[in-house]
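Letters go in sequence order (proteins before strands), and every chain restarts at 1. Note that the coordinates shown come from a computational prediction; the quantities given were computed from them, not determined experimentally.
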Amino acid sequence: MGEVIVITSGKGGVGKTTTTANLGTGIALQGKKVVLIDTDIGLRNLDVVMGLENRIVYDLVDVIEGQCRLKQALIKDKRFEGLYLLPAPQTRDKNAVAPHQMVDLCEELKKEYDYIIIDCPAGIEQGFKNAIAGADRAFVVTTPEVSAVRDADRIIGLLEANEIRNPQLIVNRVRPDMVKRGDMMSIEDIIDILAIGLIGVVPDDENIIISTNRGEPAVNDSKSIAGQAYRNITRRILGEDVPFINLNNSDGFLAKMKKLFGIKPA
Amino acid sequence: MVDLFKFFKKKDSSKDVAKERLKLVLIHDRSNVSPQFLEMVKSEIIRVIQNYMEIDEDTLDIQLTKTNSDDGERIVPALVANIPIKGMKNAGRQSL
């Protein structure tokens, strides 16, 4: 029986889609069967981030309305064994899907796949309700900014109100140099405020933009520091105890970052 | 030592400002309390207390903040009122 994980944030632009693409790819690289579902109806993007935009025939709403079989709508990623994408429709309304239909879809997928990762739209309306309906577990993505942390707090409250217990936090786009000089909230500051468990810290990395340009998830790039962070989160999802990193040592910035994300010095 | 440290540290770093602002805004977000609601509470409290005491309405301060819970393990929201008393009204005196 598989597990359904929703990636959510409240605020837009903090990296939900990038996180979904990288964690899904990372889990597939570990030999698991994974389905990624884009629930951002009308503003789909997981397809382009994954580089699968030219392969869409059917979408989430086609499946829910019975226009096609589930298997027909799943796009198999030929680069990564066991990885599939169920895209969102681009020309439909959010109300084309109801939460109970998402529950049914997730139950169906759990029979055959190890992980179902749901990319949630920004906001707290219908799209959010659909995305979390079938979830067993939630990851809340935030960045070290007041607006993103505030929205994350709201989302955590809504997840708990919907009985999705113990959501876990991913802090994205951290800049250790700014944290060090006191111009960016640290991981500890954010956890102190949000009071939830941490599952990952992803440093700001221009490789993410480059890999998104190419449609190749950074998790597969051994030189990308964000990719290493996503590989660490992947291992934590699979139950491994991967230590978090201490930012307060006296190493130089690069050495610190490499140590932080587990890249051994050359 | 501490004072010396403060002396060299001219002002709060921007992340401290961010953290403080966030904490305050989240108290309101989490308790779903609007400024209008607080005004209503404030005027009701003033009305009741004025039956017994003369109070200084101008310097009266009432706000939602947070405090340690009784067991000291959690931070909980609290309604804190600072109400300066100018004098007691006759109704408040103990009758002999």
Colleague: Evaluate whether atom CG of B/L79 has more than 12 neighbouring non-hydrogen atoms of other residues, nucleotides or ligands under 6.0 angstrom away.
Modeller: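 Yes.
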Colleague: Out of curiosity, B/R30 CZ to A/I156 CD1, how far, rounded to the nearest 0.5 Å?
Modeller: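 If I round to the nearest 0.5 Å, the distance is 8.0 Å.
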Colleague: Answer yes or no: does atom CZ of A/R181 have more than 12 heavy-atom neighbours from other residues, nucleotides or ligands under 6.0 Å?
Modeller: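 More than 12 heavy atoms, drawn from other residues, nucleotides or ligands, come within 6.0 Å of this atom.
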Colleague: Any chance you could measure B/K23, atom NZ, to A/D192, atom CG, to the nearest 0.5 Å?
Modeller: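 Taking NZ in B/K23 and CG in A/D192, the distance rounds to 5.0 Å.
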Colleague: Which atom names give the shortest non-hydrogen contact between A/G182 and B/S13, and what distance separates them?
Modeller: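 Heavy-atom minimum between the residues: O-CB, 3.1 Å.
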Colleague: Between A/R150 and B/L22, which heavy-atom pair has the shortest distance, and what is it?
Modeller: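 Heavy-atom minimum between the residues: N-CD2, 3.8 Å.
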Colleague: Which bit of A/M184 is near chain B, if near means a heavy-atom gap under 4.5 Å: side chain, backbone, both or neither?
Modeller: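 Only the backbone of A/M184 comes within 4.5 Å of chain B.
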Colleague: Ion pair present between A/D183 and B/K15, side-chain N to carboxylate O less than 4.0 angstrom?
Modeller: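 Here A/D183 does not pair with B/K15 in a salt bridge, since their nearest N and O are not under 4.0 Å apart.
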